[in-house]
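Naming convention: chains lettered A, B, ... in sequence-line order (proteins, then strands); numbering from 1 in each chain.
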Number of protein chains: 2
Amino acid sequence: MRVTIKDVAKKAGVAPSTVSRVIADNQRISLETKKRVRKAMKDLGYHPNVNARNLAIRSTQAIGVVMPSSTDKALQNPFFPEILGGIGSVAHEMEYSLYVSTGSTEEEQFEEVKRMVFGNRVDGIILLYSRANDVVMDFLFEKNFPFVVVGKPYSEENQITYVDNDNVKASREITQHLIDLGHQYIAFIGGSTERVVTVDRLQGYESALEAADLPNREEYKVQTEFLESGGHKAVEKLFSLDQPPTGLVIADDLVSLGVINMLEELGFRVPGDISIASFNNVYLSEITRPPLTTVDIQIYLLGVHAFKCLIEKVKKKDEPSKRIIVPYKIKYRQSTKEIDGK
Amino acid sequence: MRVTIKDVAKKAGVAPSTVSRVIADNQRISLETKKRVRKAMKDLGYHPNVNARNLAIRSTQAIGVVMPSSTDKALQNPFFPEILGGIGSVAHEMEYSLYVSTGSTEEEQFEEVKRMVFGNRVDGIILLYSRANDVVMDFLFEKNFPFVVVGKPYSEENQITYVDNDNVKASREITQHLIDLGHQYIAFIGGSTERVVTVDRLQGYESALEAADLPNREEYKVQTEFLESGGHKAVEKLFSLDQPPTGLVIADDLVSLGVINMLEELGFRVPGDISIASFNNVYLSEITRPPLTTVDIQIYLLGVHAFKCLIEKVKKKDEPSKRIIVPYKIKYRQSTKEIDGK
DNA sequence: ACCATCAGTGCAACCGATTGCGCAATCAGC
DNA sequence: GCTGATTGCGCAATCGGTTGCACTGATGGT
C-alpha cells in the first residue's frame, strides 16, 4: 500500500493535520516542524493522493480540453497538437493536469463533457473550436461552469471569455495584400460556415474587396470542408468560370496544400498563375512548395492565454468575462506574387 | 452544493449503500428498488463524484497519454492527434478519460508522469514514443505500473507490452519497391537514432539493399531531426556526392515534404529525377504534390490497440506482456517512379 | 502577579463514495 | 411448525486527505 499522510505523521511525530498544513505551507507551523515533516516525506517517498485531496477541497487540479469531433478530418490539423503544447506548457508550470476529450461525434463529445463536469473531474474547460449552435457551449454556459473558448463564440459573445485573433482584420489585410499585388479576381475558400472562424475570415475578405471597389461575387466563395472529394469539384468549378480567379484566400494552410495540388493537376502554377494566401502558419506551410504566404495566428500563444484566462475564472467564479485578441503576423512567402510578374 | 448519494438515498427511501449498489448494478438489489432508486437519480440529476469514487475503490477511470517532449517539433506531427483519436474512441466507449501530458522537456515530462502515477490520477499510461534510455519508461517499468508503449521499447522488449508495426519489414519492402523500379542508388533519411523507430526503419532499408546486393554506403544515411536548418545542409550534401541517389527512403511523411521542397529548390524533380518513399500515411501525404508513396502504418489502429492492451493490464496486474503488430499497407502513389521512365 | 494574546499543534468532523458483515423477512424442505 | 438457506437491505468502517476549533504554553502589557 502506498504511503499516506498518516505514515508521514507518525514518522515525524506529529498529527496528520500538521503534515497537511506543511504541504500547504501554512504559516502557523514552525519552521522546525516543517523541516522535520519534509524530511519524513522525502524519506518515505510520500506523494499526496489527489483523489483524497480533491474530494476534500472539492476541486481538482485539472482542466478539460475539448477538441472538435474527430469525424471531420479537422483533428488531423497540426493546429491541435500545437495549441495543446501551449496550454500544456503553462498547465505544467502551474501544476495542472490536462484532460482531453476527443469524441468522434458531437453526441460523444457532449457526453464526455458532462462526465468531466458532473463527475467533478475538472475545474474548467477549454473549447478548442467554435461552431454554431454548439450544445456543449450552451451547456457550459447555462451551468455557469468555468470555460473559455479558443475562437469567437457563436453567441453571447460578451458574456463568454474567449481568446481569438482578429480574424476579420487579418483576412482583410491578407486579401488587401493580394489586391496590392494587382489581383482583381480573388476567390475565397473556407470550411464550413458553421465554424465561426470561417465566417470571420470570409467577412474580412469581403470587406477588403469592397474597400477596393472590387466586385463581391457569390461564385467566388467556395465552402468545402477540408478537401473531401466534393472540394475537388468545387475548385474545378471555380476555375472553369468565365473569369477564373488569379488569387485565392484560403482559410486554412492545410486546405491550401490540397488546393495547390489540385491546381497543378489542372495545369495551373502557384504562384505563377495563381497566388494563394492562407491562415495559421502551421509548421508545414514553411517547408512546402511554394512556401505559403499565410497569417501566423500564433497558435501556441492562443493556448497559453486560453489557459491563463481559464485559471482566473476558476479561481474567482465571478471573474468578469474577457476577450483576449492575440496579435497575428502575416508571413509573406512565395505563394503570392504580383499579377504582372508572370 | 451538488446532489450526493445521500440525497438520492433519502429521496428513494433507502440507504446510501443501496444506491451505491444500484449504480454498480448489484445482483442483490431487487428490481423494484433499483427502479425506484434510478428514478430518484434521474429526478435529482444525480452524477457520482469521481473523486470520492476513485478514493474508495482506489482506481480512476482514466489513463495517461504521454506525448514526446514538445521541444522537438515532432509534436506538430498529425500523427499525434490521429492516434489520440484512436485511443479516445475506445476510451470513450469504455467510459475512460484521457489525461495527456505534454512536457516541453524530458524533465517536465517525467515530473508529469510522476504526478500521474503517485497522485493516483491514472490507472495506466500509454507512451506515444520510444526513445533510447528513456527515464519515463524505466520509471514505469521499475515501479511495475501498467503501461504500454506505441513503438518498440528500447530494451526489456519482451517484458513490456507494446504495439507497433513491423517497421523493419515495411522498410525493407518499400526499399525493395524502389529497387524494383530500377533504383540502385537509394539513400535513407531518418530522424534521431535515439528513436527506436528510426533504427528499425534504417535496418529494413539496409537489409533490402543487402538482399539486392547493392552497396550499403554510410554517406547515404542521413539523420536529421525533422528538417531543422541542419537538415537542409545534410540533403544538399547528399546530392553533391559523386553519385547522388535517385531514390530516397524517408522515415516520416512530413520530412518527405520538406525534402521534396528542398530538392525542387535544388533543381531536382520528384519523381522525375528522384523517387521518394516514406512512412506513416498521414492525411497530408495524399493531398500533397506529388502524392506520396508511403507505408500506411494505420495510426488510428495503433491507438485502438494500445488502449485495449493497457486496459487488460490494468484489469489484471499480472496480465502477460504482449506485443501487437499492426499490419501496414503500402500506398503506392506518385512520388515513386521507374528509374528509366524518365 | 494576573490576564489577554498568540504561536504551534492536535482532535475530530467531513468530503462522497464503496463494501464486508450482519440482521430481518421470506421461503423451501421435512 | 420448525430449521436452514436465501434474498434484500442497512450499518458503519474505510479510502486519504483538509480544516474549524480547542487546547497548551509562552509572551507581553499593566
Which part of the nucleic acid, if any, lies within contact of B:Ser30, taking any heavy atom under 4.0 Å across all strands shown: a base, the sugar-phosphate backbone alone, or nothing? sugar-phosphate

For B:Arg121 and D:dG17, give me the distance from atom CZ to atom P, rounded to whole Å. 13 Å

Under 3.5 Å, is there a donor-acceptor pair between the A:Tyr162 and A:Glu157 side chains? yes

For atom CG of A:Leu44 and atom C1' of D:dG17, their distance in whole Å: 16 Å

Rounded interatomic separation in angstrom, taking CZ from B:Arg58 and P from C:dT19: 9 Å

Using whole Å, report how far CZ of B:Arg36 lies from P of D:dG8. 13 Å

Within this structure, what is the CD-to-P distance between A:Gln27 and D:dT19, rounded to whole angstrom? 14 Å

In whole Å, what is the span from the CG atom of A:Asn120 to the P atom of C:dC15? 13 Å

Minimum heavy-atom separation for A:Ala9 to A:Val19, with atom names? CA-CG2, 3.6 Å

Can you tell me which nucleotide in D:dT18, C:dT9, C:dT18 comes closest to the side chain of A:Ile23? D:dT18

Assign each of B:Leu55 and B:Pro16 the nucleotide of DNA chain D bearing its closest heavy atom; nearer the 5' end lies the nucleotide of B:Pro16

C:dC15, C:dT18, C:dG10: which one has an atom nearest the side-chain heavy atoms of B:Arg53? C:dT18

Nearest to the B:Thr4 side chain among C:dT9, C:dG16, C:dT18, which nucleotide is it? C:dG16

For a quick test of reading the model: is some side-chain N or O of B:Ser20 closer than 4.0 Å to OP1 or OP2 of C:dA17? no

Contact class for A:Gly119 vs. all strands (heavy atom < 4.0 Å): base, sugar-phosphate, or nothing? nothing

Would you check if A:Tyr96 and A:Val90 make a side-chain contact, meaning some heavy-atom pair closer than 4.5 Å? no

Across the strands shown, which category fits B:Val19 at heavy-atom distances under 4.0 angstrom: base, sugar-phosphate, nothing? nothing

Using the closest heavy atom to pick a nucleotide of DNA chain D for each, name whichever of B:Lys34 or A:His47 lands nearer the 5' end. B:Lys34

Would you kindly give the CZ-to-P distance between A:Phe118 and C:dG16, to the nearest whole Å? 16 Å

Rounded to the Å, how far apart are A:Arg28 CZ and D:dC21 P? 13 Å

Over all strands shown, is A:Ile57 touching base, sugar-phosphate only, or nothing at heavy-atom distances under 4.0 angstrom? sugar-phosphate

A side-chain contact here means heavy atoms from C-beta on lying under 4.5 Å apart; do B:Leu84 and A:Phe80 qualify? no

Taking atom types as they are modelled, would you say the side chain of A:Arg21 forms a donor-acceptor pair with the base of C:dG10 within the 3.5 Å cutoff? yes

Is there a donor on the side chain of B:Thr33 or the base of D:dC9 sitting less than 3.5 Å from an acceptor on the other? no

So among A:Val122, A:Leu98, A:Leu127, which one has a side chain to side chain contact (heavy atoms under 4.5 Å, CB included) with A:Val65? A:Leu98

Kindly indicate whether the side chain of A:Glu112, heavy atoms from C-beta on, has any atom under 4.5 Å from the side chain of A:Arg115. yes

Side-chain atoms of A:Ile29 come closest, of C:dT9, D:dC9, D:dG16, to C:dT9

